[in-house]
There are 2 protein chains.
Amino acid sequence: MLRLAYIIMNLKELSKVLKLSISTVSKALNDSSEISAATKKKVVAKAKALNYHANPFASNLRSQKSKTIAVIIPAIANNFFSLAINGAESYAQGKDYHVLIYQTHEELQKEIAICKHLYNGRVDGIMVSLTRQTNDTAHFLDLKKKGIPLVFFDRVAEKIDAPKITTDDYESAFIGMQHLLKTGCKKIAFLSISDTLSISNKRHDGFIDALKKHKIKPEKNLMLACDNDENANKKKIKKLLTQKNKPDAIFACVEELAIASYEICEELKIKIPQDVKIISYSNLQTASILNPALTTITQPAYEIGRKAASILFRLINKKEPNLSEENTVLKSTLIVRKSTGEKK
Amino acid sequence: MLRLAYIIMNLKELSKVLKLSISTVSKALNDSSEISAATKKKVVAKAKALNYHANPFASNLRSQKSKTIAVIIPAIANNFFSLAINGAESYAQGKDYHVLIYQTHEELQKEIAICKHLYNGRVDGIMVSLTRQTNDTAHFLDLKKKGIPLVFFDRVAEKIDAPKITTDDYESAFIGMQHLLKTGCKKIAFLSISDTLSISNKRHDGFIDALKKHKIKPEKNLMLACDNDENANKKKIKKLLTQKNKPDAIFACVEELAIASYEICEELKIKIPQDVKIISYSNLQTASILNPALTTITQPAYEIGRKAASILFRLINKKEPNLSEENTVLKSTLIVRKSTGEKK
DNA sequence: TTTTTTTATGAAAACGTTTTCGTAAAAAAA
DNA sequence: TTTTTTTACGAAAACGTTTTCATAAAAAAA
C-alpha cells in the first residue's frame with residue numbers, strides 16, 4: 001500500500017501531541033462534562049491549529065448516527081423542488097444536520113435503488129416526494145420496518161403510515177377552475193402528470209367538481225395523461241389543440257406541461273389567452289414575464305420543505321410513534337395573470 | 001441503550017446463518033477471486049433473501065474510500081447548475097459512484113464551511129463552481145494538500161493548480177456583442193455578477209474589446225456590478241434605465257440579471273427590444289417563451305458537468321499529478337431571439 | 001482526622017466492515 | 001510416489017472514532 005506523503009492527522013496523533021489519552025481528547029472535542037474547562041480549551045485550540053477534522057465514517061459508525069437527512073425528489077431542475085430543498089436545508093442547518101439530495105428523474109426504478117442505498121443507516125431520516133411513476137411503495141415499507149424516520153411531502157404515498165405534508169390540492173384546483181369558468185370557458189382541458197399520484201387525483205377531482213358545479217360535463221378527449229417523454233407530451237398537446245373538439249382553456253397540473261403548451265401555441269400560432277387560456281400549478285420564477293404572463297396556482301414550496309424537515313426531526317429525536325398520523329396541509333395561492341385574461 | 005425490535009442484519013449474523021466465517025462472506029459479497037463460485041452464489045442469495053446491506057460507514061472506514069463525489073455549486077435553482085449536476089451524475093453512475101450536492105447560496109462563508117466538512121475523506125473527489133463572492137481560495141488549497149482530487153468548472157479558481165472546465169467566455173461575449181452592435185446599439189450596459197470571478201472578467205474583456213473594435217468608448221455609468229441582494233440589484237437596474245445616459249441594450253452576465261431587467265422594463269413600461277435590447281448568458285428553459293423571447297448565450301451545461309466528472313475520475317483513479325494543467329474549454333452558442341430584434 | 005463524594009483522566013471495548021496472513025485440503029508437477 | 005503449487009477458507013488485525021468502565025486525585029462531608 002502506498003503511504004501518502006501528506007501528514008496524517010487523527011485522534012491518535014492529536015492525543016500524542018497533547019500528551020493526553022485518545023478518550024480524553026475525543027471527549028474534550030465533543031464537549032463532554034467529564035473534561036475540565038482548561039483541558040477542553042487546550043484540546044480545541046490544538047485541534048484547530050493542526051487542522052484536525054474527525055473522520056465522519058468512524059464517528060458515524062461508532063455513534064450509529066450520521067447527522068444527515070436525505071431528500072428524495074423527482075428533479076432539482078424544478079423550482080418547486082429546489083425551493084423545498086432550501087426550506088429543508090434551512091431547518092436542518094439549525095440542527096447541525098446535513099442534507100443529501102437524491103434525484104429520481106421521475107423513474108420508479110431509481111427511487112427503488114435510492115431506497116436500497118439508504119437502507120443501512122446512511123442517513124438518520126428521509127424526506128420523499130414520489131416519482132410520477134410510483135404506483136407501488138413497498139420499498140418505503142422496508143425503510144420503515146428498519147426504523148428509519150420517513151416523511152412524505154407533496155407527492156405522498158397514501159398507503160404508508162408516515163407523516164405527510166401536502167397542499168390543498170382539491171381546493172386549489174377547484175378555485176383555479178372557478179376562475180377559468182368565470183371568464184366564460186366551457187371546454188377546459190386537463191393535463192395530468194400521472195394517474196396514480198394522489199396530488200394528480202385530487203387536482204383531477206377539484207377539476208371535475210368545479211365543472212359539475214357549472215353543469216358542464218367532463219369530456220374524455222379533453223383529458224390528457226402525460227408522462228416522462230417530453231416529445232410525446234408535446235405531440236399529445238398538439239393533437240389536443242388541433243382536434244375537432246378544441247379546448248378553450250388548459251388546466252396544467254405541472255409547469256412543465258404549461259411550458260410545453262406555450263411552445264405548441266407559439267408553433268401553431270394559437271393566441272393565449274384569446275384562443276386558449278392557460279392556468280398551471282407552478283413555482284416558475286419567470287411566470288410573470290412569459291408571453292403572456294402565466295396565471296399560476298403557486299404552492300408554498302419553501303414552507304413545505306421546512307415543515308417536512310421539522311416533522312422529520314421530531315421523528316428522529318423523539319421517536320414519537322403516533323406522529324405517523326400527522327398530516328399537514330398548507331395552502332396554495334392563485335395568482336391571476338394575463339394567460340387567463342378576458343376574452344376580447 | 002434501547003435495543004430496537006427490528007432484526008439486526010450484519011456480516012456477523014449473515015455468516016452465522018451461512019455457517020461461514022465473516023471474512024469469507026465479506027469476500028464473497030465483494031466478488032473476491034479467493035472464493036469459489038458455489039460459495040459466492042450461496043452467499044449472495046442468502047444476503048438478498050435476508051435483505052442484507054453493508055453498513056456504508058464501516059466499509060468506507062475500512063476501505064478508505066467512499067465511492068462518492070461532491071459537487072459544490074452556488075445554487076440548484078438554476079438551470080445551468082442543475083444540468084451540470086445531471087451531467088456529472090450520469091458519468092458517476094456509470095462508475096458506480098454517488099454524487100453529493102452542496103449549495104453555497106453564493107456565500108463564501110458557506111463555501112468554506114463545506115470545504116471543512118469535506119476535509120476528512122467524506123468524498124473521494126470534489127467538483128466546484130465558485131461563489132460570486134469568492135476572492136480567496138485558500139480553503140481549496142487545504143483540500144488539495146490533503147490529497148483530495150479537485151476539479152473546477154465554469155467558475156474556476158485560477159490560482160489553484162487543478163483541472164478546470166470552462167467555456168469560451170471571452171469569445172462568446174465578443175460574439176454576443178457583435179450581434180448587438182450589428183443591430184445598431186451604441187450604448188450597451190454590462191451587468192456583471194462579480195468583480196473577482198474569472199468568468200465575469202473574461203466576459204467583461206470580450207465586451208470591452210468588441211466595443212473597441214467598433215470604436216465605442218466604454219462608459220462607466222453603463223457598467224453595473226451586481227451582488228447577492230436581489231432587491232438592490234433591481235434598484236441598480238432601475239436607476240440604470242432611468243438615468244440620463246440610458247442604455248439602448250443590456251448585456252447580462254447571468255440569467256438572474258436578465259430576469260430582473262425584464263421585470264424592471266415591465267414596471268417602467270420600457271419596451272424590449274424597441275427601447276432596449278437584452279442579451280444574456282442563460283440556460284433558461286423558458287427563454288423562448290418570454291415576453292419577448294430572450295436572446296441567449298447558452299453554455300453546454302450538461303457536457304460541462306459530465307466532462308468535469310470524467311476528469312475528476314481520472315484524478316481519483318490514476319493519481320495523474322500532471323493532470324492539473326488539463327484545462328478544457330467548451331463552446332457556448334448564441335441563440336438569437338426577439339429581445340435583440342430589429343429596431344423598428 | 002477519616003470517609004465519602006466528585007472530578008478528571010485513561011484503558012479498553014465496541015461499531016461493522018475489509019484485508020492481511022496463515023493453513024488445511026486439493027490439484028498439479030515432479 | 002513425493003513435492004510443489006493452487007484453491008478456498010478462517011482468524012485476527014485494522015480503519016478512527018465513541019463510550020463504558022475503572023481509578024487516581026481532589027474536594028467535600030463526616
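Naming: A, B, ... by sequence-line order, numbering from 1 per chain.
The closest side-chain donor-acceptor pair between A:Thr134 and A:Glu111 falls under 3.5 angstrom. Side-chain contact, B:His105 with A:Glu89: a donor N or O sits under 3.5 Å from an acceptor N or O.
Atom-to-atom, CG of A:Asn120 to C1' of C:dT17 comes out at 11 Å; the value is rounded to the nearest Å. Rounded to an integer number of Å, the gap from B:Lys16 NZ to D:dG10 P is 15 Å. Atom OH in B:Tyr119 sits about 14 Å away from atom P in D:dG16, given to the nearest Å. Between the CZ atom of B:Phe57 and the C1' atom of C:dC15 there is a distance of 12 Å, rounded to whole Å. Distance, B:Asn60 CG to D:dT17 C1': 14 Å, rounded to whole Å.
When both distances must be under 3.5 Å, the Watson-Crick or G-U wobble mate of C:dT7 is D:dA24. Across all strands shown, C:dT19 pairs with D:dA12; the Watson-Crick or G-U wobble distances both stay below 3.5 Å.
A sub-4.0 Å separation between OP1 or OP2 of D:dG10 and a side-chain N or O of B:Ser21 is present.
Using a 4.0 Å heavy-atom cutoff across all strands shown, A:Asn30 reaches sugar-phosphate atoms only and no base atom. When heavy atoms are screened at a 4.0 angstrom cut-off, B:Ser59 is found touching the sugar-phosphate backbone but no base atom. Here A:Ser23 lies in heavy-atom contact (under 4.0 Å) with a base. Looking at heavy-atom distances under 4.0 Å, B:Glu34 makes contact with a base. Among the protein residues, B:Lys12 comes within range of no part of the nucleic acid, since none of its heavy atoms lies under 4.0 Å from any strand.
In terms of polar N and O atoms assigned as donor or acceptor, the side chain of A:Lys27 comes within less than 3.5 Å of the base of D:dT20 in a complementary pairing.
Of the listed nucleotides (D:dA8, C:dT18, D:dT17), D:dA8 has the atom at the smallest distance from the side chain of B:Ser36. Candidate nucleotides D:dC9, C:dT18, D:dG16 were compared by shortest atom distance to the side chain of B:Leu20, and D:dC9 ranks first. With D:dT19, C:dT18, C:dT9 as the candidates, the nucleotide lying closest to the side chain of B:Ser26 is C:dT18. In the set C:dG10, D:dA8, D:dA13, the nucleotide with an atom closest to the side chain of B:Arg62 is D:dA13.
In this structure, B:Ser33 and B:Leu61 both approach DNA chain D, and ranking their closest nucleotides by distance from the 5' end singles out B:Ser33.
Aromatic pair A:Tyr91/A:Tyr97: ring centres not closer than 6.0 Å.
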